[in-house]
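Structure first, commentary second.
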Amino acid sequence: MSARLPDPAERVFAQLLALQSQTRAAADIDSLAYSLVNDAQPLFGYRHAALLIAGRTRAVTGISQVEPHAPFVAFVERAASELLTQGVPTQAQQVDTARLSEETRADCQSLSASAVFWLPLLDRQQALFGGLWIAREQPWSDAEKALLAQLGDCYSHAWLALQPRKPWRLRWPRRKILAVLVVASLLLFLPVRQSVLAPAEVVPLNGRVVTAPLDGVIAEFLVKPNQPVRSGETLLRFDATSLRAQADVAERSLDVADAELKSNAQRAFSDTDAKARLDLLAARVEQKRAERDYARELLARSEVRAERDGIAVFADAERWTGKPVKTGERLMDIADPQQAELRIELAVADAIDLGPGAEVALFLDSDPLNRHAARLERLAYEAQTSAAGQLAYRLDASFLATPPRIGLRGTAKLFGQRVPLALYLLRRPLAALRQGLGL
């Protein structure tokens, strides 16, 4: 006798029990925060969830470390603050975005999803200490709202269980406490060297950029990523069907115009009208010749060749094959593998006082035990949005020895000036205090 297959309701119930078990099994606060925003995604199919504790974003779906200056983080904190002002966050319910401010609604459309559910986290006195901002495209059903409310109680219980209940008290004599405080105060004036970590990538130095010479569709790539190429070697070909047809039509139009000019030149001895048309026909021949030469030049551009020796630096040929491109669009770089530099993206919150010549140490992800020394060459004055979605300054550094292979990524440690230990430890808290108080 075959076993009965579970119905959808039983499967949902089993998934709910599994989520509660995973939540209670969290070993620490960080793993619990990651679980709250990620583990329920297969069950409810939401796009993203954000965990807010005391008004600050603690975790976001799919992100291991929250960047406090990211646009999405600022939007979620502002939206939760507006909901708190309206008295909504103490109840688990779908958020009515019409009650938000116009700026927050615009950010919600661009950064979040249309259907937002607010899941509050309450302490033992039923006071709000945090919540989950859960967003997806489909509206929330009554059954899903009930399941989320049940999960909210479990989440709150698990979070409070990992919080320390009794403060730790130091039972030392007053003289020892005073001596420790004096020593700690003196240590705060100890000069230490500022340093900061930032993601970095080895990029070509003085590489030759290969751009699209015309508007068209790339037919095939004749080289592979990181393949050595010689000057004059064909790198890629554009689809030349239409260009070849244009060149053929232009050639025939030139033949017709040339024949018409010769015919009128022969009749010009006896026909006054034919003689008067000679200048016009000659100009038309020159026009057709220019059109033919231009069509031939475009046809010759359909094959892109290397202008120097080096290696072809690009990501994937399949991504470009069959894709229409515009004139001037970047396709690849031709770089010397022995000439490379280090490109660093320094987050705005981590920026310290750096100048040209500052010491840089690179630790590659593929070889974290070896250090590659470099020297800072350039520092951008304006921050730009990086590929990870955070504001960062671009820094360029030169290697002091043989550079690693182009394309490798890792972590760069940048060294600044010496400052008191107190400033080194309290730099970020002081910056946050000034931002909060507006000093």
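Because only heavy atoms are used, hydrogens play no part in the values below, and waters and symmetry mates are left out as well, while side chains stay in. Just so it is clear, the model here is predicted, and its values are computed rather than measured.
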D353, CG atom: more than 12 neighbouring heavy atoms under 6.0 Å = no

Results of ring-ring contact (aromatic ring centres under 6.0 Å, His included) for F117 - residues two or more places apart only | W140

Using the test salt bridge (Lys or Arg N to Asp or Glu O under 4.0 Å), find all partners of R24 that sit at least two apart in sequence or belong to another chain.
-> none

Under 4.5 Å between any side-chain heavy atoms of L121 and I53, yes or no?
-> yes

Enter the distance from K224:NZ to L222:CG here, rounded to the nearest 0.5 Å.
-> 12.0 Å

Is it true that a side-chain atom of S156 and a backbone atom of L122 form a donor plus acceptor pair closer than 3.5 Å?
-> yes

Which of these passes side chain to side chain contact (heavy atoms under 4.5 Å, CB included) with V210: R330, M332, E307, R305?
-> M332

From D396 atom CG to E341 atom CD, the distance as rounded to the nearest 0.5 Å | 4.5 Å

Flag, side chain of D239 to backbone of A219, donor-acceptor distance under 3.5 Å = no

Ion pair check, E359 and R371, cut-off under 4.0 Å | yes

Begin from the C-alpha positions of S253 and E291 and carry the test side-chain hydrogen bond (donor to acceptor under 3.5 Å, both in side chains) through to its verdict.
-> CA-CA 9 Å; S253 298; E291 293 176 355; 5.8 Å; no

When rounded to the nearest 0.5 Å, the distance separating CZ of R394 from CD1 of I344 is 11.0 Å

F363, CZ: over 12 other non-hydrogen atoms inside 6.0 angstrom | yes

To the nearest 0.5 Å, what is the distance between CZ (R296) and CD (E251)?
-> 4.5 Å

CG-CZ distance between L148 and F44, expressed to the nearest 0.5 angstrom | 4.0 Å

Quick one: salt bridge (Lys or Arg N to Asp or Glu O under 4.0 Å) partners of E67, sequence neighbours excluded?
-> none

Nearest 0.5 Å, what's the CZ-OG distance between R47 and S114?
-> 8.0 Å

Applying the side chain to side chain contact (heavy atoms under 4.5 Å, CB included) test to P404, which of V202, L342, D367, N370 qualifies?
-> V202

Verdict with supporting geometry, W133 and F75, ring pair (Phe, Tyr, Trp, His ring centres under 6.0 Å) = CA-CA 11 Å; W133 174 281; F75 151 70; 5.6 Å; yes

